[in-house]
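Written out below as structure tokens is the structure these notes cover.
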Protein chains: 2
Amino acid sequence: MKSSGGGKPNRITIRDVAADANVSVAAVSKVLREAYGVSPSMRSKVHSSMAKLGYRPHTAARGMRGQTFTLGLILPDFRNPFFADIIDGSHDALAGTQYQALIGINRTTPTVDEGLVNSMIDRQMDGLLIVGANDQAQLIEIAKRTPLVTIGNHHSSNQVYDTVNNDDDEAARLAVRHLVESGYRNITMLSLISDSTIIKERERGYRDEMNRLGLGRFARIVNASQTPQDVQKTARAILTAPDRPEAIFCWTDFIALQVIGVATELGRRIPDDIAIVGHDNTMYCDFAQNSLTSVDQSGQMLGLKAASLLIERIKGRETPEHYLVAPRLVVRNSSIRRTPARPAAAS
Amino acid sequence: MKSSGGGKPNRITIRDVAADANVSVAAVSKVLREAYGVSPSMRSKVHSSMAKLGYRPHTAARGMRGQTFTLGLILPDFRNPFFADIIDGSHDALAGTQYQALIGINRTTPTVDEGLVNSMIDRQMDGLLIVGANDQAQLIEIAKRTPLVTIGNHHSSNQVYDTVNNDDDEAARLAVRHLVESGYRNITMLSLISDSTIIKERERGYRDEMNRLGLGRFARIVNASQTPQDVQKTARAILTAPDRPEAIFCWTDFIALQVIGVATELGRRIPDDIAIVGHDNTMYCDFAQNSLTSVDQSGQMLGLKAASLLIERIKGRETPEHYLVAPRLVVRNSSIRRTPARPAAAS
DNA sequence: TTGTAGGCGTTATCAA
DNA sequence: TTGATAACGCCTACAA
């Protein structure tokens with residue numbers, strides 16, 4: 001009666017379902033939550049009434065008392081298509097569950113935008129998945145307020161949130177090993193200016209592998225900021241220096257493509273004059289004019305694993321998990337030596 | 001008293017603020033909503049109490065009776081960096097308001113994922129901004145349920161939602177005019193297989209401009225699917241046909257870069273043998289090895305305008321608005337004829 | 001201009 | 001196993 005009243009079509013509530021199924025609202029709520037203590041017959045009665053009436057739970061009302069079945073996914077920016085893979089992976093993990101991921105964009109990387117975090121917590125999201133943040137103290141504070149999993153943050157010593165990461169150390173080793181096997185020895189790493197742990201890890205892998213292969217004297221890390229201007233200026237400096245390298249391992253594909261651009265403008269042939277390796281294996285690597293060798297970090301796997309861990313955490317797990325995904329090298333033309341090696345510049 | 005009770009730190013509510021400020025809860029609520037009928041002195045008292053206590057409104061509770069100040073932004077996919085500009089624009093429009101945009105990814109383009117829409121409406125979002133959907137009937141149904149603005153959908157005859165669009169007709173005209181001015185006449189358009197209105201608009205602009213310039217006999221639209229395999233197969237077919245064109249206007253930069261790749265593999269020089277123009281002016285156009293002329297549609301402007309319109313609609317506007325953003329051509333090396341024109345293939 | 005008293009739809013506690 | 005009912009925090013008549 002009550003809900004068939006006024007002008008606009010009233011929302012179908014748990015009460016309508018209860019009336020239709022001839023059970024109590026408490027019973028319907030239990031069925032809804034898959035809570036303990038409902039008989040199969042009751043469950044099926046309720047389910048068919050819900051279907052018949054087209055009942056949809058009111059998330060705001062649920063948020064008043066219990067879960068919203070909403071996860072907040074915080075991403076640093078959108079321009080690297082790699083992040084789309086993370087999203088795909090987390091969606092895959094959520095398919096078939098009641099959970100829904102909603103995405104917010106963090107415009108203050110590497111710190112997390114407090115306003116965004118607050119707004120997600122205010123909206124009673126059940127947990128947060130934060131990508132690319134690196135302020136450990138801040139993350140610990142956030143983890144005190146809500147279940148938290150991070151991607152792209154190697155602070156695995158913490159006890160309050162889970163981490164999922166590409167094995168960045170191994171990623172750099174893969175690149176170095178491949179280049180050395182292809183005959184390059186004077187290999188520079190073009191990295192970013194940042195105190196991010198993923199950068200530290202990858203730089204460590206590069207250094208260690210160079211040392212391990214007896215090429216420590218060639219090891220050189222150059223750090224640039226993200227801006228195209230700075231990347232290109234830095235690339236030009238590297239490529240025109242007297243002790244210029246035979247190969248450059250770049251932080252991302254986007255940076256690698258800029259290096260190819262600068263090298264091309266300088267009249268250098270790739271890979272004969274200079275070999276280039278990127279990171280992320282984005283779709284732009286595959287063009288004939290780029291054909292960029294790159295390290296593939298499975299964003300899909302990272303997202304999938306992270307979302308699964310987050311749900312476990314929401315369901316009560318307290319012990320932290322720290323998961324590493326193995327990278328994979330995809331070789332293309334930019335790093336295959338076609339002509340005999342000339343002597344290394346500084347040998 | 002009540003909220004200083006038990007074990008875990010209780011949430012600070014409107015009631016605590018009211019007590020601290022020595023006013024009623026209704027007064028605090030009014031201040032919160034910037035509603036009519038609050039004295040300046042009361043407002044400032046309440047504001048300082050909120051700040052002092054660190055009060056944060058409980059969005060779920062607000063959603064039970066009023067607004068959630070949350071907008072749903074539905075995007076088709078992430079891989080085109082152009083969408084990041086839309087997000088930036090909508091964030092710019094929302095900065096300084098109480099509104100927060102939360103993003104959902106639609107995996108069923110060109111139809112909108114009903115599950116995603118429902119989940120956003122269930123979460124009491126105040127309005128939806130849908131990008132890249134084209135099922136007009138479905139959009140009208142959605143608009144009946146919630147305030148709606150679309151981007152990338154030229155169904156401007158509807159009376160229930162607002163549309164914001166790139167002027168796709170003009171975008172194609174810009175490309176054609178530029179190519180003709182650079183000496184190309186046999187210009188093919190490489191478009192997509194789809195009944196999207198943006199595609200129809202752009203194809204119309206292409207055809208009309210070719211006709212207007214007396215080049216109707218050269219007008220040819222080839223449609224491919226989005227997959228790299230199909231794009232590359234189609235590009236190869238176009239580039240090796242006996243009546244092959246002098247220039248190709250491509251649906252997106254990504255497609256254009258693939259065409260450049262195929263042309264390069266075929267030993268064609270760009271732009272001497274074949275000129276290429278893309279669309280979206282993404283950051284990948286700028287590399288020396290690509291240097292792709294492209295039409296810039298201001299995603300930032302599209303997002304900004306759309307979010308503004310959505311807020312207007314939420315605040316009560318009923319009359320539809322349909323807004324067109326002017327595109328802009330950015331010329332690079334891929335379309336500047338360097339050598340004298342040879343006779344058009346089929347003249 | 002301010003205050004009081006339901007009520008929004010759901011969950012969870014407790015009794016039956 | 002089921003049901004009655006008091007919260008949850010905010011909004012909005014209505015009253016003062």
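Letters go in sequence order (proteins before strands), and every chain restarts at 1. What you see below is based on every heavy atom in this structure, not just the backbone, and it leaves out hydrogens, waters and symmetry mates. These numbers were taken from a predicted model, which means no experiment stands behind them.
- The two atoms that bring A:Thr68 and B:Arg123 nearest to each other are O-NH2, 3.4 Å, heavy atoms only.
- Nearest to the side-chain atoms of B:Arg15 among the listed nucleotides C:dT11, D:dG9, D:dG3 stands D:dG9.
- Look at A:Tyr55 and you'll find a side-chain N or O under 4.0 angstrom from OP1 or OP2 of C:dT10.
- End-to-end axis angle of the helix from C:dT1-D:dA16 to C:dA16-D:dT1, from C1' rotation axes over five pairs per end: 30° (rounded to 10 degrees).
- Between B:Arg107 and B:Asp113, no side-chain nitrogen of the basic residue sits less than 4.0 Å from a carboxylate oxygen of the acidic one, so the salt-bridge criterion is not met.
- D:dC8 atom C1' lies 9 Å from atom CE of B:Met64, rounded to whole Å.
- With respect to B:Glu312 and B:Lys315, no salt bridge is recorded, no charged nitrogen being found less than 4.0 Å from a carboxylate O.
- Within the 4.0 angstrom heavy-atom criterion, no nucleotide atom of any strand lies near B:Val28.
- A:Ala26 comes within contact range of at least one nucleobase, with a heavy-atom separation under 4.0 Å.
- Between B:Arg123 atom CZ and C:dT10 atom C1' there is a gap of 15 Å when expressed in whole angstrom units.
- The nearest whole Å value for the distance from the NE2 atom in A:His58 to the C1' atom in D:dC8 is 14 Å.
- Under the side-chain contact (heavy atoms from CB on, under 4.5 Å) rule, B:Tyr161 has a single partner from B:His155, B:Lys144, B:Glu321, which is B:His155.
- A straight line from CZ of B:Arg56 to P of D:dC8 spans 21 Å, rounded to a whole angstrom.
- For the pair A:Thr13 and C:dG9, the criterion of a side-chain N or O lying under 4.0 Å from OP1 or OP2 is not met.
- Counting any heavy atom pair closer than 4.0 Å across all strands shown, B:Ser29 reaches a base atom.
- Under the 3.5 Å distance criterion, the side-chain polar atoms of A:Asp16 are matched with a main-chain donor or acceptor of A:Thr13.
- One finds a side-chain N or O of B:Ser39 lying less than 4.0 angstrom from the OP1 or OP2 phosphate oxygen of C:dT2.
- In this structure, the NZ atom of B:Lys30 is 11 Å from the P atom of D:dA13, given to the nearest Å.
- The side chain of B:Ile14 sits closest to D:dC11 out of D:dC8, C:dT2, D:dC11.
- Distance, B:Arg62 CZ to C:dG9 P: 19 Å, rounded to whole Å.
- Using a distance-only test at 3.5 Å, with no hydrogens or angles considered, no donor-acceptor pair links the side chain of B:Asp20 to the main chain of B:Leu53.
- Checking side-chain atoms of B:Arg317 against main-chain N and O of B:Thr319 turns up a donor-acceptor pair under 3.5 Å.
- Distances shorter than 4.0 Å separate none of the side-chain N or O atoms of B:Arg65 from OP1 or OP2 on C:dG7.
- Nearest to the side-chain atoms of B:Val25 among the listed nucleotides D:dT5, C:dG9, C:dT4 stands C:dT4.
- Comment: A:Asp88 engages B:Arg79 in a salt bridge, judged by a side-chain N to carboxylate O separation of less than 4.0 angstrom.
- Distances were taken from every side-chain heavy atom of A:Tyr36 (C-beta onward) to each of D:dT1, D:dC10, D:dG3; the shortest belongs to D:dT1.
- Atom pair A:Gln124:CD and C:dG9:P shows a separation of 18 Å (rounding to whole Å applied).
- Rounded to whole Å, atom C1' of C:dT10 lies 14 Å from atom CE of A:Met50.
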